[in-house]
Colleague: 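Shown below is the structure under consideration.
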Amino acid sequence: MGKEIRSNWWQEKENLHSHIKQYTECIKQAQFGRYQANILYALMYGNADSFSGALANFGFKRYSETLSKLQKEERLRLNIVRSCVDTLTAKITKNRTKPMFLPVGGDFDITRRAKNLNRYIEAIFLNADVYKNLATCFRDCALFSVGALKIYQDGNKIKSERIWPNELIVDDVEALYGMPRQLHQQRLIAKETLAFQFPKNKNEIFNAVSPTLSLNNNFVVNNMLEVTESWHLPQIDEEGIATDGRHCITTDTITLLDEEWTQTDFPIVLLRLDDPLLGFWGQGLAEQLYPIQTEINRLLKRIQQSMYRVGVPRIYIRHGSKINTEQLSNEIASIVYYTGAAPIFETPATVSPETFTHLRTLKEDAYSISGISQLSAQAKKPAGLTSGVALNTFHDIESERFMTVGMMFEQAHIEIAKRVIGIASDIYEQYGEFPVLAKKGNSMERLDWSQVSLDQDDYQIQIWPVALFPSTPAGKLEKVGELMDRGLIQSREDALKLLDLPDLERVSSLITANDDIIEKIIPQILDGEEPEPPESLMGLEAGIQKMTMEYLKVRTQNVEEEKLQHFLNWIAQAQNLLAQAQAPIQEAPPLMAPPSAPMPETPF
């Protein structure tokens, strides 16, 4: 009878590392087929075996040997799996998406904090390489069964990290109906790194036995340990108190970290190409296209061998014929003397047309199953589509196939933002501040968490694309021109800001200088500072219009009367300056000539 292994490791008080080790090893043995499949899909995607030596040491020797044999053959390749995965990844991740925090209610302070929070979170996304790593994770979910992005705290910083799917350990029984309440991540980490992170366990770490690797019939003892990070989500009672949540980091023989886990989510954001009917793991394109890709590989190998063995010109000479073979050369109009039967020159057919037809059919079926057009995979547009409207319509029709995939990718941004907010709050409590440099116009501004933090009930998170405009200059010009023709953009200043072309930066900065001054004065008023007064050299009419619109907007947001009065005072001052500039200049009265002296009388 086998040994009883308990799955509720989070309730254990002693030898935690031992319980986690036994439980995770049991799951890994049960799911060994999935680990093998992921390795096979990775090698299928890469067209090569770039890590066969490591695979042989982790139970994948059979695949390693097979692929090493394939490497010895210079075989043709038509990688449909990679083409579909890369095309889908580019299609979904090409438009950078960011979460938008929308304030609940019309309170001005909440509205301003929500605006600053948008810039704050965007700065963290950029600093933590969230967009870059999330695109890689989406490629994982398109190729394998799931993609995983980890958001974690490293000192006073927030970082993101892509997780190789085979590092995740999930109990299939617990996750039968969706997300489980426990999750494990297992990977090899160097001893020096562990000792730096956990100095109290330094001696235990360096004394621990490392796994041995077999390379070229030599046993190499590496300097790494297999580390498991485990989470168990808490139960939240009626009073909002979290119970039985636990977070642990262990090796085979050491418990490095054991703490309470109060978050209601894992620090790992998961992506699936499609949700499974039952269970945790989804289905990637490699699994869907595996039979077709295998058949394509067989056909290509057969075609290649046929080309080598059959597709060569041959000369048939009958026995007894007297032919000087040295005369059989590639000279033009050369004369060949022979006695007896003439030599026969023949170039046989190499591959039947049906074989090439079958190959093309398999290729078309692969793109059809994945929902990706060959034009998209080849970065080509359909013939006859030249206008922007026609191209947009074509892309919209093609994107309907991946509507749910796009929604999943957008939801991942929301989940990441939630985890970032939780970690930012923890960092602020630990260090007393958590500042970031956020973009504000053409400059950067320092924002601290204390300036942007909001209660969860004061905002809602929605997804908004970072750029609605095309990325090319020609596309931007066409789009801005269209908006101006429809009357949605009134001024050339707004048009130049939307174009945002580097070549026009010098000119646009001069033209938009007046708007920049107004946009600088508005925050001064809202922050309770004394605003800069209007000047006669400013574009007063445009300034009065913008100030009036801003005044009407903030008036509905419970702004203090003193600040509202600053708006009115500024507008009144600008109107006075404008009136003075437009007042007609009174002409000075003409100078009167002095009275002329009387003419002297003539003495006659």
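For the numbers below, each heavy atom of this structure counts, side chains included, while hydrogens, waters and symmetry mates do not. Residue numbers start at 1 and run along the sequence shown.
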Colleague: Under 6.0 Å between the ring centres of Phe101 and Tyr459?
Modeller: yes
Colleague: Give a yes or no on whether the backbone of Ser450 and the side-chain of Arg113 come within a donor-acceptor separation of less than 3.5 Å.
Modeller: yes
Colleague: How would you list, by chain and number, every residue that makes a salt bridge (Lys or Arg N to Asp or Glu O under 4.0 Å) with Glu410, sequence neighbours excluded?
Modeller: none
Colleague: To check you understand the geometry: which heavy-atom pair defines the closest contact between Ile461 and Lys418, and what is its length?
Modeller: CD1-CG, 4.1 Å
Colleague: Can you tell me how far apart CZ (Phe409) and SG (Cys137) are? Round to the nearest 0.5 Å.
Modeller: 9.0 Å
Colleague: Going from NZ on Lys98 to CZ on Phe125, what distance comes out if it is rounded to the nearest 0.5 angstrom?
Modeller: 11.0 Å
Colleague: Is Arg187 salt-bridged to Glu161, going by a charged N under 4.0 Å from an acidic O?
Modeller: yes
Colleague: Let me confirm one number: the CG-CD distance from Asn79 to Gln293, rounded to the nearest 0.5 Å.
Modeller: 5.0 Å
Colleague: Side chains of Leu168 and Ile268: closer than 4.5 Å at any heavy-atom pair?
Modeller: yes
Colleague: Checking the side chain of Ser425 only, and the main-chain atoms of Ile421 only, is there a donor and an acceptor separated by less than 3.5 Å?
Modeller: no
Colleague: Within the structure provided, determine whether Ser230 and Ile20 are in side-chain contact (heavy-atom separation under 4.5 Å).
Modeller: yes
Colleague: For Gln451 and Asn116, work out which heavy atoms get closest and say how close.
Modeller: O-ND2, 4.3 Å
Colleague: In the structure I gave you, are the side-chain heavy atoms of Phe32 and Gln36 within less than 4.5 Å of one another anywhere?
Modeller: yes
Colleague: Evaluate Thr93 against Leu134 for side-chain contact (heavy atoms from CB on, under 4.5 Å), listing each step before the verdict.
Modeller: CA-CA 9 Å; Thr93 63; Leu134 188 60; over 6 Å; no
Colleague: Just so I know, are the side chains of Ile369 and Leu289 near enough to count as touching, which here means a heavy-atom distance under 4.5 Å?
Modeller: yes
Colleague: Is the closest basic N to carboxylate O distance between Glu122 and Arg119 below 4.0 Å?
Modeller: no
Colleague: Thr264 versus Ile236: any side-chain heavy-atom pair under 4.5 Å?
Modeller: yes
Colleague: What class does the angle between the rings of His413 and Tyr131 fall in, given that below 30° is parallel, 30 to 60° is tilted and above 60° is perpendicular?
Modeller: tilted
Colleague: Rounded to the nearest 0.5 Å, what separation is found between the OG1 atom of Thr97 and the CD1 atom of Ile92?
Modeller: 9.5 Å
Colleague: Could you go through the side-chain contact (heavy atoms from CB on, under 4.5 Å) check for Gln182 and Tyr23 one step at a time?
Modeller: CA-CA 12 Å; Gln182 61 172 311; Tyr23 179 56; 3.2 Å; yes
Colleague: Quick check: Trp449 with Tyr120 (ring centres under 6.0 Å apart)?
Modeller: yes
Colleague: If only atom types and distance count, is the side chain of Gln283 paired as donor or acceptor with the main-chain N or O of Pro276 below 3.5 Å?
Modeller: no
Colleague: A side-chain contact here means heavy atoms from C-beta on lying under 4.5 Å apart; do Asp457 and Val104 qualify?
Modeller: no
Colleague: Can you tell me if CD on Gln456 sees more than 12 non-hydrogen neighbours from other groups inside 6.0 Å?
Modeller: no
Colleague: Taking side chain to side chain contact (heavy atoms under 4.5 Å, CB included) as the test, write out the residues that go with Glu295, two or more places apart.
Modeller: Arg298, Leu299, His358, Leu362
Colleague: What heavy-atom pair brings Thr24 and Ile169 nearest, and what distance separates the two atoms?
Modeller: CB-CD1, 3.9 Å
Colleague: Shortest non-hydrogen contact from His247 to Trp261?
Modeller: CB-CE3, 3.7 Å
Colleague: Begin from the C-alpha positions of Leu285 and Tyr41 and carry the test side-chain contact (heavy atoms from CB on, under 4.5 Å) through to its verdict.
Modeller: CA-CA 9 Å; Leu285 290 178; Tyr41 299 151; over 6 Å; no
Colleague: Atom CD1 in Ile124, atom CD1 in Ile158: separation rounded to 0.5 Å?
Modeller: 4.0 Å
Colleague: List in chain and number order the residues that pass salt bridge (Lys or Arg N to Asp or Glu O under 4.0 Å) with Arg82, two or more places apart in sequence or in another chain; answer none if no residue qualifies.
Modeller: Asp86
Colleague: Applying the ring pair (Phe, Tyr, Trp, His ring centres under 6.0 Å) criterion to Phe144, which one of Tyr45, Trp281, Tyr35, Trp164 satisfies it?
Modeller: Trp164
Colleague: Which of these, Glu167, Gln186, Lys150, sits in a side chain to side chain contact (heavy atoms under 4.5 Å, CB included) with Glu229?
Modeller: Lys150
Colleague: Please evaluate residues Asp172 and Gln31 with respect to the criterion side chain to side chain donor-acceptor pair (under 3.5 Å), reporting the C-alpha separation (whole Å), side-chain torsions for both, the decisive distance (0.1 Å), and the verdict.
Modeller: CA-CA 9 Å; Asp172 285 339; Gln31 299 178 3; 3.1 Å; yes
Colleague: Decide if atom OH of Tyr431 counts as having more than 12 heavy atoms of other residues, nucleotides or ligands within a radius under 6.0 Å.
Modeller: yes
Colleague: Let me see the working for Gln197 and Ile249 under side-chain contact (heavy atoms from CB on, under 4.5 Å), right down to the final yes or no.
Modeller: CA-CA 11 Å; Gln197 294 177 348; Ile249 300 178; over 6 Å; no
Colleague: OH of Tyr290: more than 12 outside heavy atoms within 6.0 angstrom?
Modeller: no
Colleague: Do Pro435 and Leu447 have side chains that approach each other closer than 4.5 Å (heavy atoms only, starting at C-beta)?
Modeller: no
Colleague: State which residue, out of Leu143, Leu88, Val85, fulfils the side chain to side chain contact (heavy atoms under 4.5 Å, CB included) condition with Leu273.
Modeller: Leu88
Colleague: Is there a side-chain contact between Met444 and Lys439 in this structure, where contact means two heavy atoms from C-beta onward sitting under 4.5 Å apart?
Modeller: yes
Colleague: Give, for atom CG of Asp455 and atom CD1 of Ile110, the distance between the pair rounded to the nearest 0.5 Å.
Modeller: 8.0 Å
Colleague: With the threshold set at 4.0 Å, does a side-chain nitrogen-carboxylate oxygen contact exist between Arg419 and Glu415?
Modeller: yes
Colleague: Charged N to carboxylate O under 4.0 angstrom, Arg162 versus Asp140?
Modeller: yes
Colleague: What are the two closest non-hydrogen atoms of Val170 and Ala175, and how far apart are they?
Modeller: CG1-CB, 3.8 Å
Colleague: Look at atom CD of Gln460 and say whether more than 12 heavy atoms of other residues, nucleotides or ligands are closer to it than 6.0 Å.
Modeller: no
Colleague: Give me the atom names and distance for the closest heavy-atom approach of Cys141 to Met408.
Modeller: SG-CE, 4.2 Å
Colleague: Check for me whether Arg272 meets the cation-pi criterion with Phe280, that is, NZ or CZ under 6.0 Å from the six-membered ring centre and within 45 degrees of the ring axis.
Modeller: yes
